[in-house]
Novice: 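Handing you a structure now.
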Amino acid sequence: MLCTLYHTIETTLREVTGQDEVFLGEGGEHADLASTVAFGLAKIRKKAPAEIARELAASLATREEMREINVEALGPYLNFHFRREIIERALQEATRPGYGSLSPRSERVVLEHTSANPNGPLHVGHIRNTILGDTLARSFRKAGYPLEVQYYVNDMGRQIAIVVWGFNTIADTPVPGEKGDHHVARIYIAANRELEARPECVAEVDRLMQLVEKGDPATVLLFREAVTECLEGFRETLQRLGARHDRFVWESDFIRNGDTDRVLAKISHMPECKNDGKLWLDLSSCGFEKEYVLRRSDGTSVYAARDLAYHTWKGRNFDRVIDVLGADHKLIGAQLIATMGLLGERAPEIVHFEFVSLPEGSMSTRAGKFVSADELLDEVTRRAMEEVTARRPELPETERQEIARSVALAAIRYDIVRISPEKSTVFDWKEALDFERQSGPYIQYAHARACSILEKAGEFEECVILENEHEMALARQIIRFPMVIESVVRELKPHLLAGYARELADLFNAFYHFEPVLKSEGLTRRSRLTLVKATRNTLAEALQTLGIDALSTM
RNA sequence: GGGCCUGUGGCUUAGCCUGGAUAGAGCGCCGGGCUUCUAACCCGGAUGUCGAGGGUUCGAAUCCCUCCAGGCCCGCCA
């Protein structure tokens, strides 16, 4: 509803000014929406900006489509205020389940995220991918898109060959209770150490890679077993993180089904294609100096070739293809996009995130230098349990554990999603264990407070009469929610939702502190209860989209 | 050496794409608030040459150029 208003004002402003581009943005403390068109027009019309703003305000005020919006010129600024009735009407929508969902769209979206190599457990770097991707996925569903979430399983890389080689050659003493992914990591780390000590064994790894590409049944089986063991561990971790994939797509399938050969055959006819033993593309016309190698001189394909086949398949089956990838994939991602363009196939949109490192340096699965997602979840849950037990000693243990699990997940997910992806970060235990302001639990807490009021209030008849600044500020924030969802999927920026939810909690806490709800009377009580209900509902919808449980008590 | 990303109070960070009203938060620090709807909370205060320099503009954290610092990439790895 707010989106409609925005477009109405924008269109009207365009007509009134005669300009194609009119800036209309958030008005902050001054207004609901504001425009600075008067500055630009000042030069054209050779008049003072303030005078132009005054004239525009006067002419806008006469327009029929602006009847529910107050326009005022404040100096050179054109400020738009929504009439109270609009806000009150929008607020009533906000009390209903599913608030913030946009109308269904037909554009099919495929979103790939995480896709970590199955050579060791997911660590705190990988889960930045998972959380970014899963929050985007939830946002797309909220925005009404039919969506499929995929995990691309790199099951035929050198790393997996090393794992398989390790399983064949290294004496393995089983560790009781060890998850598959941690087991694979242990073998992978040992195998790398062994290969470093005995470089002559590298040939055995190469041999495995050739056999698997040729489809040698025994080798294929070994690879599949190793990958499956690791993937079982991933599934468990992903589930704990609240992330779900609809489909696991195996890289090797694009060899077996002939797609890789087909795409390479097509490429071999392109003018950019070079074949000097190895097959590669000259993308210098697109600004890439490096050779984009697709097939080795021994005839085996490289990752890039399989990736082209995978993306061709995605592009032909979906209208919008989105990948969440680490910053280390920027070059290869740009080359992929350029090549898809040359092939006339739909290119993906790629969300890149910068690296997470440890205080002592970058993470490395091979060197065993990483903090696994499982360790992180365990430790944060343990701390959350301490916190819950200290605050709510009267609750039964199982309930405290359930709350602690939700609080821990909230802390982890929020801590990661709040930071814009282009910032590189250093993992910090202190921050991960912070449950205070600008944290996930802080937002959950606001929701729990709202639930508590509503539970005590019992039945009431909804009505909205906004009486003071705290109520107005809270209401304004609530009605922005659908536009935030819209922005997240348009700009692929999940951190906008994180910021929105935190601000909503801030405003609710201030309202909570200054305006008594249960102790107020008559219409005021009913109206405040309605506002609490709208807040509770909006917080719940926002939290759910962030993959965080909206707890009713904590 | 080349390319991409980042640089905002002691620390973490929003805003940058699309220039505009006093640069917005959290942590930490100082001072206040629990017989009152959950104090995982609220209120007030101190703390900023928006990495440096130049340019464009009526106006620059935001656009352009140069430089500095950090991260990532530049493989017949994935």
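Chain identifiers are assigned alphabetically (A, B, ...) following the order of the sequence lines, protein sequences preceding nucleic acid strands; residue numbering begins at 1 within each chain.
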Novice: When the P atoms of B:C65 and B:G70 are considered, how many whole Å apart are they?
Specialist: 22 Å
Novice: Would you classify A:Phe514 as touching base, sugar-phosphate or nothing, given that sugar-phosphate means primed atoms plus P, OP1 and OP2, and contacts are heavy atoms under 4.0 Å?
Specialist: sugar-phosphate
Novice: Pairing check on B:U57: which nucleotide meets the Watson-Crick or G-U wobble criteria with it, both distances under 3.5 Å?
Specialist: none
Novice: Base, sugar-phosphate, or nothing: which does A:Ser520 touch, judged by heavy atoms less than 4.0 Å apart?
Specialist: nothing
Novice: What does B:G1 pair with, Watson-Crick or G-U, if both distances are under 3.5 Å?
Specialist: B:C74
Novice: Can you see if the side chain of A:His30 gets near the phosphate of B:U22 - specifically, an N or O under 4.0 Å from OP1 or OP2?
Specialist: no
Novice: Please check if any side-chain donor atom of A:Ser362 sits under 3.5 Å from a side-chain acceptor atom of A:Ser357, or the reverse.
Specialist: no
Novice: Check whether any side-chain N or O of A:Ser420 sits under 4.0 Å from OP1 or OP2 of B:A14, and answer yes or no.
Specialist: yes
Novice: Please state whether the phosphate of B:C58, meaning OP1 or OP2, lies under 4.0 angstrom from any side-chain nitrogen or oxygen of A:Lys43.
Specialist: yes
Novice: Answer yes or no: does a side-chain N or O of A:Arg437 lie under 4.0 Å from OP1 or OP2 of B:C42?
Specialist: yes
Novice: What is the pairing partner of B:G44, taking Watson-Crick or G-U wobble pairs with both distances under 3.5 Å in any strand?
Specialist: B:C30
Novice: CD of A:Gln438 versus P of B:C42: gap in Å, rounded?
Specialist: 11 Å
Novice: Distance check, C1' atoms only: B:U47 and B:C27, in whole angstrom units.
Specialist: 13 Å
Novice: So, OP1 or OP2 of B:A14: does either fall under 4.0 Å of a side-chain N or O from A:Lys423?
Specialist: yes
Novice: Stacking check: are the rings of A:Phe39 and B:G59 less than 5.5 Å apart at their centres and under 30 degrees in tilt?
Specialist: no
Novice: Between A:Thr300 and A:Arg296, do the side chains contain a donor N or O and an acceptor N or O under 3.5 Å apart?
Specialist: yes
Novice: Would you tell me if any nitrogen or oxygen in the side chain of A:Ser452 comes within less than 4.0 Å of OP1 or OP2 on B:U38?
Specialist: yes
Novice: Heavy atoms under 4.0 Å, any strand shown: does A:Gln335 hit a base, just sugar-phosphate, or nothing?
Specialist: nothing
Novice: Phosphate oxygens OP1/OP2 of B:C11: is one of them under 4.0 Å from a side-chain N or O of A:Lys430?
Specialist: no
Novice: Could you work out the separation of B:G28 and B:C41 based on their P atoms and round it to a whole Å?
Specialist: 10 Å
Novice: Are A:Arg449 and A:Tyr512 in a cation-pi contact, defined as NZ or CZ under 6.0 Å from the six-membered ring centre and within 45° of the axis?
Specialist: yes
Novice: Reckon A:Val388 touches a base, only the sugar-phosphate, or nothing at all at heavy-atom distances under 4.0 Å?
Specialist: base
Novice: Would you give the length of the straight line joining atom CZ of A:Phe460 to atom CG of A:Leu454, rounded to the nearest 0.5 angstrom?
Specialist: 6.0 Å
Novice: Roughly how many Å is it from CZ in A:Phe511 to P in B:C41, rounded to a whole number?
Specialist: 19 Å
Novice: Looking at A:Tyr77 versus A:Phe39, is the centre-to-centre ring distance below 6.0 Å?
Specialist: yes
Novice: Of all the nucleotides listed (B:A39, B:C41, B:A14), which has the minimum atom distance to the side chain of A:Ile419?
Specialist: B:A14
Novice: Out of B:A39, B:U13, B:C42, which nucleotide sits closest to the side chain of A:Thr425?
Specialist: B:U13
Novice: Look at the side chain of A:Leu496 and decide which nucleotide, out of B:G15, B:U12, B:C5, has an atom nearest to it.
Specialist: B:G15
Novice: Please state the C1' separation for the pair B:G9 and B:C5 - nearest whole angstrom.
Specialist: 24 Å
Novice: Nearest to the A:Glu422 side chain among B:U38, B:C43, B:U6, which nucleotide is it?
Specialist: B:U6
Novice: Kindly say whether the aromatic ring centers of A:Tyr310 and A:Tyr152 come within a distance under 6.0 Å.
Specialist: yes
Novice: Could you tell me whether the side chains of A:Asn468 and A:Glu515 share a donor-acceptor contact shorter than 3.5 Å?
Specialist: yes
Novice: When both hydrogen-bonding distances must be under 3.5 Å and the geometry is Watson-Crick or G-U wobble, what is B:G7 paired with, if anything?
Specialist: B:C68
Novice: Any side-chain N or O of A:Ser362 below 4.0 angstrom from OP1/OP2 of B:C72?
Specialist: yes
Novice: Output yes when at least one side-chain N/O atom of A:Arg449 is less than 4.0 Å from OP1 or OP2 of B:A39, else no.
Specialist: yes
Novice: Looking for any heavy atom pair under 4.0 Å, which part of the strands does A:Ala327 touch: base, sugar-phosphate only, or nothing?
Specialist: sugar-phosphate
Novice: For A:His495, which contact category applies under a 4.0 Å heavy-atom criterion: base, sugar-phosphate, or nothing?
Specialist: sugar-phosphate
Novice: Can you tell me, in whole Å, how much space there is between the P of B:G31 and that of B:U12?
Specialist: 26 Å
Novice: If we count only N and O atoms by modelled type, under 3.5 Å, do the side chains of A:Arg306 and A:Ser301 hold a donor and an acceptor together?
Specialist: yes
Novice: Is A:Val532 touching bases, backbone alone, or none of the nucleic acid, heavy atoms closer than 4.0 Å?
Specialist: nothing
Novice: Kindly give the atom pairs (protein nitrogen or oxygen, nucleotide nitrogen or oxygen) under 3.5 Å for nucleotides 74-78 of chain B.
Specialist:
unit_1 : atom_1 : unit_2   : atom_2 : d
B:C74  : O2'    : A:Lys290 : NZ     : 3.1
B:G75  : OP2    : A:Lys290 : NZ     : 3.2
B:C76  : O3'    : A:Arg296 : NE     : 3.3
B:C76  : O2     : A:Ser297 : N      : 3.0
B:C76  : O2     : A:Ser297 : OG     : 3.0
B:C76  : N3     : A:Ser297 : OG     : 2.6
B:C77  : OP2    : A:Arg296 : NE     : 2.6
B:C77  : OP2    : A:Arg296 : NH2    : 2.9
B:C77  : O3'    : A:Arg296 : NH2    : 3.3
B:A78  : OP1    : A:Arg296 : NH2    : 2.8
B:A78  : OP2    : A:Tyr303 : N      : 2.9
B:A78  : O2'    : A:Asn117 : OD1    : 2.9
B:A78  : O2'    : A:Asn117 : ND2    : 3.0

Novice: Hey, which of these two, A:Asp506 or A:Lys519, hits RNA chain B nearer its 5' end, going by closest nucleotide?
Specialist: A:Lys519
Novice: Of all the nucleotides listed (B:U36, B:G33, B:G15), which has the minimum atom distance to the side chain of A:His513?
Specialist: B:G33
Novice: For the residue pair A:Glu289 and A:Ser284, confirm or rule out a side-chain donor-acceptor distance under 3.5 Å.
Specialist: no
Novice: Please determine whether a side-chain nitrogen of the Lys or Arg among A:Arg383 and A:Glu386 lies less than 4.0 Å from a carboxylate oxygen of the Asp or Glu.
Specialist: yes
Novice: Examine the base of B:A21 for any acceptor or donor lying under 3.5 Å from a partner atom in the side chain of A:Asn79, and report the outcome as yes or no.
Specialist: yes
Novice: Does a side-chain N or O from A:Tyr442 land closer than 4.0 Å to OP1 or OP2 of B:C42, or not?
Specialist: yes
